[in-house]
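When a ligand or atom number is given, it counts from 1 through the structure's own listing order.
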Amino acid sequence: MAKNVLITGSTSGIGLGIAEAFAKNGDNIVFNGLEEDGAEIAAEIGRKFGVKTCFKNSNLMTPEGVQELVDFAYSELGSVDILVNNAGIQHVSKIEDFPLEKYQQIIALNMNAVFYASRAVFKKMKDQQFGRIINVSSVHGIRASEFKSAYVTAKHGVIGLTKVLALEGAEFNVTCNAICPGYVKTPLVEGQIKDQAKTHQMSEDEVVEKVMLKKQAVKSFVPVEKLGEIAVFLSAENATTVSGSVFTLDGGWSAQ
Ligand code: NAD
């Protein structure tokens, strides 16, 4: 049976890849993101896969923004069966120079919004005896890299929350899992490649090889399609016992 899926930050990159995978699976999707053409992106996926889609550009930096999006999802689709907390941003800086505003924004979006959205859907998921929450953390949820203090803090926090929600949902067929990708070539990473090329005075190709993928044993970006497939797998009706888990797709980074 088709499920209703709310995916934050789904008008770009990983979120969009996950949305395509659910659409292909026949599920209806609430899109969210700050891209100006978000409504068209959502409509296009709806047409392509013959599923119901809608879009809301709520800014998830505040609890009110998150609640607005969740309310929109219920009013459009009637239920949220699957929640994918994906929206995220990055800023790279030495801690002593880290702008406080950037730190607060990363914590607000990458971690706090995951709590607010999960809190807002949890009771109804329990009541309907079905719920799947998938948190897009990162290999930086289990490993650190220098100059990413805010991001690593937020992504580790998301994994802690994932485990708690798995426990609280267990009795009610509500699962919660985290996906931890290594590098995926999305606009977020393309921005980092450009910045690093300037910092290290290297070509962008050199940055990819010598800086970005240095810690991955498999020297290629993680394809968004694989993340989509994992998200659909975790959301299956029979995936009740898969909960509180951390799925790494990091090309062997965390094997070291
Ligand atoms: P992206 O920049 O391509 O997409 C981010 C999405 O979040 C966009 O739709 C954007 O509009 C939305 N967004 C940004 N700020 C928002 C806000 N204030 N309110 C609502 N939406 C907002 O990035 P991506 O690489 O696809 O990253 C998606 C997630 O995957 C993030 O949580 C990121 O940390 C995580 N991740 C990415 C990588 C990678 O290599 N790209 C690796 C590991 C984890």
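The nearest protein atom to atom 8 (C) of ligand 1, hydrogens excluded, is given as Glu35 OE1, 3.5 Å; this is a heavy-atom distance. Of the protein's non-hydrogen atoms, Ile14 CD1, 3.8 Å is the one closest to atom 38 (C) of ligand 1. In terms of protein heavy-atom proximity, atom 7 (O) of ligand 1 is nearest to Gly9 CA, 3.5 Å. With hydrogens left out, the protein atom closest to atom 27 (O) of ligand 1 is Leu188 CD1, 4.1 Å, a heavy atom. From the protein, the heavy atom lying nearest to atom 29 (C) of ligand 1 is Asn86 O, 3.0 Å. For atom 15 (N) of ligand 1, the nearest protein heavy atom (residue, atom name, distance) is Leu109 CD2, 3.4 Å. The protein non-hydrogen atom at the shortest distance from atom 24 (P) of ligand 1 is Thr186 OG1, 3.4 Å. Nearest protein heavy-atom contact of atom 43 (C) of ligand 1 is Pro181 O, 3.4 Å.
Heavy-atom distances between Phe221 and ligand 1 stay at or above 4.0 Å for every pair. At least one heavy atom of Ser137 sits closer than 4.0 Å to an atom of ligand 1. Residue contacts with ligand 1 leave out Ala108, since none of its heavy atoms falls under 4.0 Å from the ligand. Ligand 1 is approached by Lys155 to a heavy-atom distance shorter than 4.0 Å. Ligand 1 is approached by Gly182 to a heavy-atom distance shorter than 4.0 Å.
Contact atoms of ligand 1 toward Val189: 39 (C), 40 (O), 41 (N) (distance under 4.0 Å to a heavy atom of the residue). Proximity to Tyr183 (heavy-atom distance under 4.0 Å) selects the following atoms of ligand 1: 40 (O). Remark: ligand 1 atoms within the under-4.0 Å shell around heavy atoms of Pro187 are 3 (O). Proximity to Asn59 (heavy-atom distance under 4.0 Å) selects the following atoms of ligand 1: 17 (C), 18 (N), 19 (N). For ligand 1, the atoms lying closer than 4.0 Å to a non-hydrogen atom of Ser58 are 19 (N), 20 (C). The distance from ligand 1 to the heavy atoms of Ala87 drops below 4.0 Å at these ligand atoms: 7 (O), 21 (N), 32 (O). The ligand atoms of ligand 1 that sit less than 4.0 angstrom from a heavy atom of Met61 are 18 (N).
In terms of polar-atom proximity, defined here as any N/O pair under 3.5 Å, Leu60 does make such a contact with ligand 1. Taking distance alone, with nitrogen or oxygen atoms compared against 3.5 Å, Leu34 approaches ligand 1 more closely than that limit. Backbone and side-chain nitrogen or oxygen atoms of Tyr151 are examined, and one is located within less than 3.5 angstrom of a nitrogen or oxygen of ligand 1. For a threshold of 3.5 Å applied to N or O pairs, the pair formed by Val139 and ligand 1 contains no separation below that value. The shortest N/O to N/O separation between Ser12 and ligand 1 falls below 3.5 Å. For ligand 1, the polar-atom distance check finds no N/O of Ile89 at less than 3.5 Å from any of the ligand's N/O atoms.
For Ser79 and Lys3, the side-chain atoms include no donor-acceptor pair closer than 3.5 Å. Side chains of Gln196 and Lys210: a donor-acceptor N/O pair is absent below 3.5 angstrom, by distance only. Using modelled atom types and a 3.5 Å distance limit, the side chains of Gln105 and Asn110 yield no donor-acceptor pair. Side-chain N/O atoms of Asn135 and Thr162 include a donor and acceptor closer than 3.5 Å. Side-chain contact of Asn173 with Thr240: a donor-acceptor pair under 3.5 Å is present, judged by distance alone. Looking at Ser93 and Asp97, their side chains never bring a donor and an acceptor atom within 3.5 Å of each other.
Remark: Lys56 is not positioned above the aromatic ring of Phe31, lacking an NZ or CZ atom under 6.0 angstrom from the ring centre and at most 45 degrees off the axis. Figure legend: Lys24 and Phe49 shown without cation-pi pairing, the cationic atom not lying both under 6.0 angstrom from the six-membered ring centre and within 45 degrees of its axis.
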If you apply the rule side-chain hydrogen bond (donor to acceptor under 3.5 Å, both in side chains), what do you find for Lys215 with Ser145, and how did you get there?
CA-CA 10 Å; Lys215 293 179 176 173; Ser145 291; 2.9 Å; yes
Decide side-chain hydrogen bond (donor to acceptor under 3.5 Å, both in side chains) for Gln90 and Lys102; before the verdict, give the C-alpha distance in whole Å, the side-chain angles of both, and the deciding distance to 0.1 Å.
CA-CA 9 Å; Gln90 174 64 288; Lys102 290 280 181 204; over 6 Å; no
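Between the NZ atom in Lys214 and the CD atom in Glu209 there is a gap of 12.5 Å [rounded to 0.5 Å]. The OG1 atom of Thr8 sits 7.5 Å away from atom CG of Leu109, with the distance rounded to the nearest 0.5 Å.
Just one residue in the list Asp81, Ile82, Asp27 forms a side chain to side chain contact (heavy atoms under 4.5 Å, CB included) with Asn4, and that residue is Asp81.
Looking at heavy atoms from C-beta onward, Asp250 lies out of side-chain contact with Tyr183 at the 4.5 angstrom threshold. Using a 4.5 Å heavy-atom cutoff, the side chains of Phe72 and Val30 are in contact. Val218 places none of its side-chain heavy atoms less than 4.5 Å from the side chain of Trp253.
Neither the backbone nor the side chain of Ala113 has a heavy atom within less than 4.0 Å of ligand 1.
Of all the listed residues (Gly88, Gly17, Gly13), Gly88 holds the heavy atom that lies closest to atom 5 (C) of ligand 1.
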